[in-house]
Number of protein chains: 2
Amino acid sequence: MSYSISEVAKMLNVSTYTIRYYDKEGLFPLVKRVNGIRVFEDKDFPWLRMLNCLKNLNMPIKKIKEYVDLALKGDETLKERYDLILEQEESIEKQIKELKYYKKQIDFKKAYYEKALEAGTEEAVKDWPNPEATLDVDELPNKFRR
Amino acid sequence: MSYSISEVAKMLNVSTYTIRYYDKEGLFPLVKRVNGIRVFEDKDFPWLRMLNCLKNLNMPIKKIKEYVDLALKGDETLKERYDLILEQEESIEKQIKELKYYKKQIDFKKAYYEKALEAGTEEAVKDWPNPEATLDVDELPNKFRR
DNA sequence: CTAAAAGTTAGAGTTAACTCTAAGGCAAGC
DNA sequence: GCTTGCCTTAGAGTTAACTCTAACTTTTAG
């Protein structure tokens, strides 16, 4: 099976402009052209999936390009690519930890507003302890502690 | 206690430029000025913490500004603010789910490279099943399925 | 009293990641 | 054979979020 740029755009949930932009940035070095027109094939999908994954992990396009270039060089860059993946894994874990921390802050605020709404005024919760007081400081993912 | 712009910048782990930019965007309507100079006080810290939280949840500055404006209006906007917080909570949960999904993809790639490194060549893993095959499709956070 | 450090403003410049326009090519259906 | 629609390119425009500069003021330490 083969797919046009607009079909792939739909699958990736981005515009055709974006796909062309990615291509311009060198993210699709192996995609076939027929009469100058991009033809995506089944063999391209594992990479499209990987690209989608890295994009959603907020990897900058330049870094993704570096990864592509490493992959093109073949077996001699296996270790480098592995290290890059390891880095990503750590980054994901850090991100999840951070999100869980911020979720606690948001959940506190949620309870705060529920109480305030019940009372009809924020006055009723003005003296609630701040979220930090109820959280383990070691969980803090940032340097903002005061 | 009171704090200068540079002290607060350090705490938030951003530059003083950034703090002034946030101020210009209306994110600090209640911060005191003495001779035109910003003086951050203890009473400002709960909001600074909240700001930090929303920033790290990728809320755009304009949306944060909307939240600030709602808060300034007082009790009549309690429900709106509550809804905004609820939205954020849902967004966090979605983000965590997505990250967990992408983690699986990265972990697959990690194992792939470990095997390839062991063999010394990617040829050894060329016919590995792709990650999708081993994942529950319902977990997919995006529309990219092929 | 003065020099350095840190603050102020308005506004220009930067960067990433799109997003779109203009001018044109090609293939399918009527 | 012509219109429609999707494709191409180069390159300009947009947006968010900073990031910095220039000119100037205020605070602080010696």
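Quick note: numbers below take in every heavy atom, side chains included, and nothing from hydrogens, waters or symmetry partners. Lettering follows sequence order; numbering is per chain, from 1.
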Please examine the side chains of Leu86(A) and Glu89(A), heavy atoms only from C-beta on, and report whether any two atoms are closer than 4.5 Å.
->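 Glu89(A) vs Leu86(A): side chains touch.
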Between [atom1] of [X] and [atom2] of [Y], what distance do you get to the nearest 0.5 Å?
X         : Y         : atom1 : atom2 : value
Tyr102(A) : Asp107(A) : OH    : CG    : 15.0 Å
Lys103(A) : Leu57(B)  : NZ    : CG    : 11.0 Å
Arg81(B)  : Glu66(B)  : CZ    : CD    : 13.5 Å

Verify the contact: side-chain N or O of Arg20(B) to OP1 or OP2 of dA6(C), cut-off strictly under 4.0 Å; return yes or no.
->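 Indeed not, no polar side-chain atom of Arg20(B) lies that close.
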Is any side-chain nitrogen or oxygen of Ser4(A) closer than 4.0 Å to OP1 or OP2 of dC6(D)?
->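 No.
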Nearest-Å distance, [atom1] ([X]) to [atom2] ([N])?
X        : N       : atom1 : atom2 : answer
Ile19(B) : dG7(C)  : CD1   : P     : 11 Å
Tyr3(B)  : dA6(C)  : OH    : P     : 18 Å
Lys62(B) : dT14(D) : NZ    : P     : 14 Å
Phe28(A) : dC7(D)  : CZ    : P     : 14 Å
Lys65(B) : dA16(D) : NZ    : P     : 14 Å
Phe40(A) : dC7(D)  : CZ    : C1'   : 12 Å
Leu27(A) : dA17(C) : CG    : P     : 10 Å

If you look at every strand shown and take non-hydrogen atoms under 4.0 Å, does Arg38(A) touch a base, only sugar-phosphate, or nothing?
->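 Sugar-phosphate contact only.
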Going by the side-chain hydrogen bond (donor to acceptor under 3.5 Å, both in side chains) test, name the single residue among Lys110(A), Lys109(A), Glu114(A) that passes it with Tyr82(B).
->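 When side-chain hydrogen bond (donor to acceptor under 3.5 Å, both in side chains) is applied between Tyr82(B) and each of Lys110(A), Lys109(A), Glu114(A), only Glu114(A) qualifies.
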Please tabulate the protein-to-nucleotide N/O contacts below 3.5 Å involving nucleotides 18-22 of chain C, giving atom names and distances.
from, atom 1, to, atom 2, distance (Å)
dC18(C), OP2, Tyr22(A), OH, 2.9
dC18(C), OP2, Lys55(A), NZ, 2.7

Could Asp44(A) and Arg38(A) be called an ion pair, given the rule that one side-chain N must be under 4.0 Å from one carboxylate O?
->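 Salt bridge flag = no for Arg38(A) with Asp44(A).
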Is a salt bridge present between Lys79(A) and Asp83(A), judged by a nitrogen-to-oxygen distance below 4.0 Å?
->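 Looking at Lys79(A) and Asp83(A), the cut-off is met.
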Just jot down the side chain to side chain donor-acceptor pair (under 3.5 Å) partners of Lys32(A), sequence neighbours excluded, or say none.
->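 Lys32(A) satisfies side chain to side chain donor-acceptor pair (under 3.5 Å) with Glu41(A) once adjacent residues are dropped.
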Position toward the 5' end of DNA chain C (nearest nucleotide), Ile5(B) or Met59(A) |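 With Ile5(B) and Met59(A) compared, the 5'-side residue is Ile5(B).
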Review item, nucleotides 25-27 of chain D N/O atoms under 3.5 Å of protein N/O:
from, atom 1, to, atom 2, distance (Å)
dT27(D), OP1, Asn35(B), ND2, 2.5

How are the rings of Phe28(A) and Phe40(A) set to each other: parallel, tilted or perpendicular (split at 30° and 60°)?
->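 The arrangement is perpendicular - the two ring planes meet at more than 60°.
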